[in-house]
Amino acid sequence: MAAGLSRLSRRGFLIGAGGAAALAAAPAVAAAGGVPPGTPPVLVTEQASKRLLVLDPRRREWDPAADPSVVRWQFSPLGDPRYADLRPEVSWVYPCEAKPRRLRGRTLVLTTASFGFVAAVEYPSGRRYWGTAIGPGDDLFNPHSAEVLPDGNVAVACSTGAQVCLYAASCGPDAARYAQARLKGAHGLHWDRARRVLWALGDDELVTYEVGGEPARPVLAQTSATPLPVAVPGRTAGGHDLFPVAGRPGRLWVTTNAAVFQYEKRTGAFVRDYAGHGPIDREKVKAVGNDPRTGQVLSTVPEGGLGETWWTTRVTVHRPTGSYHLASGGIYKARWWLPA
C-alpha cells in the first residue's frame with residue numbers, strides 16, 4: 001500500500017541554459033561521504049520487492065530492512081483497494097518506469113510495469129489520479145514508460161505491443177478511451193512543453209507526435225522521425241531511455257543498446273559532447289538523468305548474478321563519481337526526484 005513516510009521538499013527548475021552550462025563546467029564540491037550538498041532524493045523502480053522507492057540521497061548504502069529511515073516514500077498497488085480493478089497481483093510484476101511530474105499544482109508519479117500495470121499516482125497520498133491494466137498477466141504489450149500531458153491525459157509506450165497509446169485520463173481515474181500510433185519497440189516518452197509535441201523513442205527511431213482532437217477524444221499524428229545511430233551496420237539500435245536534459249530544454253537524453261547520447265532538437269543530431277561523457281557513455285544503460293543544481297548525472301546498468309539479468313543493486317553517479325547501493329535490491333531504473 002502507498003505510504004507517505006515523509007514529505008520531500010520540491011525544487012524548482014529555474015535554471016536557464018547559461019546557468020546549466022556553468023554547472024556543467026563546475027560540479028558541486030562533495031560533502032562528507034562524497035555526496036554534494038543539495039543532492040535530490042533518488043526514485044527507483046525496485047523489482048525485487050515490487051515497489052517504487054524514494055531514497056535518502058545522503059546515504060550511500062540503503063538497507064530498508066535494517067534502517068527504514070532511508071526510505072522517504074514508497075508505493076505498491078498490491079493490497080491497495082484503490083488499484084484492485086487493475087489486478088496488480090498479476091499486472092504489477094516488474095515495475096519498470098517511475099518519473100515525477102507536476103500537473104496543476106499536484107505532484108504525480110508516472111509508473112508502468114511490464115505485465116500491464118500503468119498509473120499516475122498522486123504524491124504523497126498514493127491516490128489514483130488515473131490507471132489501467134494493458135493485457136494484465138503477461139508481457140504481450142509490455143508498457144515501458146508513461147508521460148502526462150498538460151490537459152491531464154496520459155501517454156503510454158508499449159514495447160512488445162509496438163504502440164504508443166494516449167489515454168483520455170483527464171476524464172477520470174478509470175478512463176479507458178485512447179488514441180493509438182504504431183512504433184516498433186516503443187520504450188520512452190517525453191512531452192515537450194515548448195514545441196507542444198510528444199517525443200517517443202522506439203527500437204530504430206526517435207519520433208514526434210502532434211496531439212489533436214479534444215481531451216476526451218485525443219488524436220495522435222506523427223510529425224517527424226529521426227533514425228537512431230547504429231553501432232553495427234544492419235543491427236537494431238535498440239532505443240531505451242528518453243529523458244529531458246534538465247536545464248537544457250533544447251536537448252534530450254537518449255540511450256540505445258550501445259551508447260548514451262544527447263539529442264540536439266535544433267539540428268537533429270545525436271551528440272556526445274556532454275560533460276562527463278567518458279564514464280557515462282556505455283552499453284545497456286536503462287536510465288539516465290542529470291541534476292541541474294549540482295551537475296550530477298545518475299544512471300543504471302544491469303549487473304550479473306542477480307534474480308533477473310536486467311537488475312542492479314547500484315545506482316551509478318557521475319560528476320563526481322560515486323554510487324548508491326540497495327541491499328537485496330533489484331533496481332531497473334532510477335531518477336532524481338525533480339518533479340517538473
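Being a predicted model, the structure only gives us computed values, none of them experimental. All values below come from the heavy atoms of this structure, side chains included, with hydrogens, waters and symmetry mates left out. Heads up: numbering here begins at 1 and tracks the sequence.
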Donor-acceptor pair, [X] side chain versus [Y] backbone, under 3.5 Å?
X: N153; Y: S170; value: yes
X: S91; Y: L86; value: yes
X: T255; Y: V285; value: yes
X: N290; Y: V297; value: no
X: W62; Y: D56; value: yes
X: R177; Y: C171; value: no
X: Q47; Y: P95; value: yes
X: N142; Y: C158; value: no
X: R319; Y: G295; value: yes

After noting the C-alpha distance and the side-chain angles of V301 and T312, does the key distance pass the side-chain contact (heavy atoms from CB on, under 4.5 Å) rule?
CA-CA 7 Å; V301 294; T312 182; 5.8 Å; no
Distance check, rounded to the nearest 0.5 Å: [X] atom [atom1] versus [Y] atom [atom2]?
X: H318; Y: S323; atom1: NE2; atom2: OG; value: 10.0 Å
X: T309; Y: K284; atom1: OG1; atom2: NZ; value: 8.0 Å
X: H240; Y: D203; atom1: NE2; atom2: CG; value: 10.0 Å
X: I331; Y: L55; atom1: CD1; atom2: CG; value: 7.5 Å
X: T111; Y: L52; atom1: OG1; atom2: CG; value: 4.0 Å
X: T316; Y: H325; atom1: OG1; atom2: NE2; value: 11.5 Å

Other hydrophobic cluster members with [X], side-chain heavy atoms of Ile/Leu/Val/Met/Phe/Trp/Tyr under 4.5 Å, chained?
X: F261; answer: V197, W199, L201, L206, L228, L242, L252, V254, Y263, F270
X: V90; answer: none
X: V154; answer: L103, L108, L110, V118, Y129, W130, I134, L140, F141, V148, V156, Y167, Y178

Is there a continuous path of hydrophobic side-chain contacts, each under 4.5 Å between heavy atoms, that joins [X] to [Y]?
X: L326; Y: V35; answer: yes
X: V121; Y: L78; answer: yes
X: V317; Y: V42; answer: yes
X: V315; Y: Y332; answer: no
X: F243; Y: W191; answer: no

When you look at D80 and R128, which way does the side-chain contact (heavy atoms from CB on, under 4.5 Å) test go after all the steps?
CA-CA 10 Å; D80 189 329; R128 173 175 166 178; over 6 Å; no
Have a look at P40 and tell me which of L298, V54, L338 forms a side-chain contact (heavy atoms from CB on, under 4.5 Å) with it.
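The passing option is L338.
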Kindly state each residue pair satisfying side-chain hydrogen bond (donor to acceptor under 3.5 Å, both in side chains) with at least one member in residues 213-224, sequence neighbours excluded.
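Applying side-chain hydrogen bond (donor to acceptor under 3.5 Å, both in side chains) to every pair that reaches into residues 213-224, excluding sequence neighbours, yields T208-T223, T208-S224.
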If you count the non-hydrogen atoms of other residues, nucleotides and ligands that lie under 6.0 Å from [atom1] in [X], is the total more than 12?
X: R104; atom1: CZ; result: yes
X: K265; atom1: NZ; result: yes
X: R193; atom1: CZ; result: no
X: E303; atom1: CD; result: yes

Report yes if some heavy atom in the side chain of [X] is under 4.5 Å from a heavy atom in the side chain of [Y]; otherwise report no.
X: S145; Y: K99; answer: yes
X: Y123; Y: P100; answer: no
X: R101; Y: E147; answer: yes
X: T107; Y: W337; answer: yes
X: Q296; Y: P320; answer: yes
X: E205; Y: L183; answer: yes
X: Q74; Y: P64; answer: no

Nearest heavy atoms of [X] and [Y], plus distance in Å:
X: Q262; Y: Y274; result: NE2-CB, 3.5 Å
X: T236; Y: N257; result: O-ND2, 4.2 Å
X: L53; Y: V71; result: CD2-CG1, 4.1 Å
X: R251; Y: V271; result: NH1-CG2, 3.5 Å
X: P136; Y: R87; result: CG-NH1, 3.8 Å
X: A168; Y: P215; result: CB-O, 3.4 Å

Is the shortest distance from a Lys or Arg side-chain nitrogen in K286 or D241 to a carboxylate oxygen in the other one below 4.0 Å?
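So K286 does not pair with D241 through a salt bridge.
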Between E97 and R335, does at least one N-O distance fall below 4.0 Å, as a salt bridge requires?
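Answer for the salt bridge query: yes.
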Distance only, no hydrogens: is a donor on one side chain within 3.5 Å (strictly under) of an acceptor on the other, for D139 and S114?
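No - no donor-acceptor pair under 3.5 Å links their side chains.
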Any donor-acceptor N or O pair under 3.5 Å, side chains E46, S49
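Judged by distance alone, the side chains do pair up.
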For E122, all residues meeting salt bridge (charged side-chain N to carboxylate O under 4.0 Å, His left out), sequence neighbours excluded
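Residues passing salt bridge (charged side-chain N to carboxylate O under 4.0 Å, His left out) with E122: R106, R127.
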Holding to salt bridge (charged side-chain N to carboxylate O under 4.0 Å, His left out), I want the full list of residues that pass it with D204, two or more places apart in sequence or in another chain.
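Expected list: K184.
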Step by step, work out the side-chain contact (heavy atoms from CB on, under 4.5 Å) result for L220 and V211.
CA-CA 5 Å; L220 283 174; V211 177; 4.0 Å; yes
Kindly state whether the ring of W310 and the ring of Y94 have centres lying under 6.0 angstrom apart.
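Yes: the rings meet the under 6.0 Å criterion.
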Check the orientation of F75 and Y83. Use parallel for under 30°, tilted for 30 to 60°, and perpendicular for over 60°.
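Correct class here is perpendicular.
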In sequence, state the C-alpha distance, the side-chain angles, and the governing distance for W73 and V109, and then conclude on side-chain contact (heavy atoms from CB on, under 4.5 Å).
CA-CA 11 Å; W73 181 79; V109 177; 4.0 Å; yes
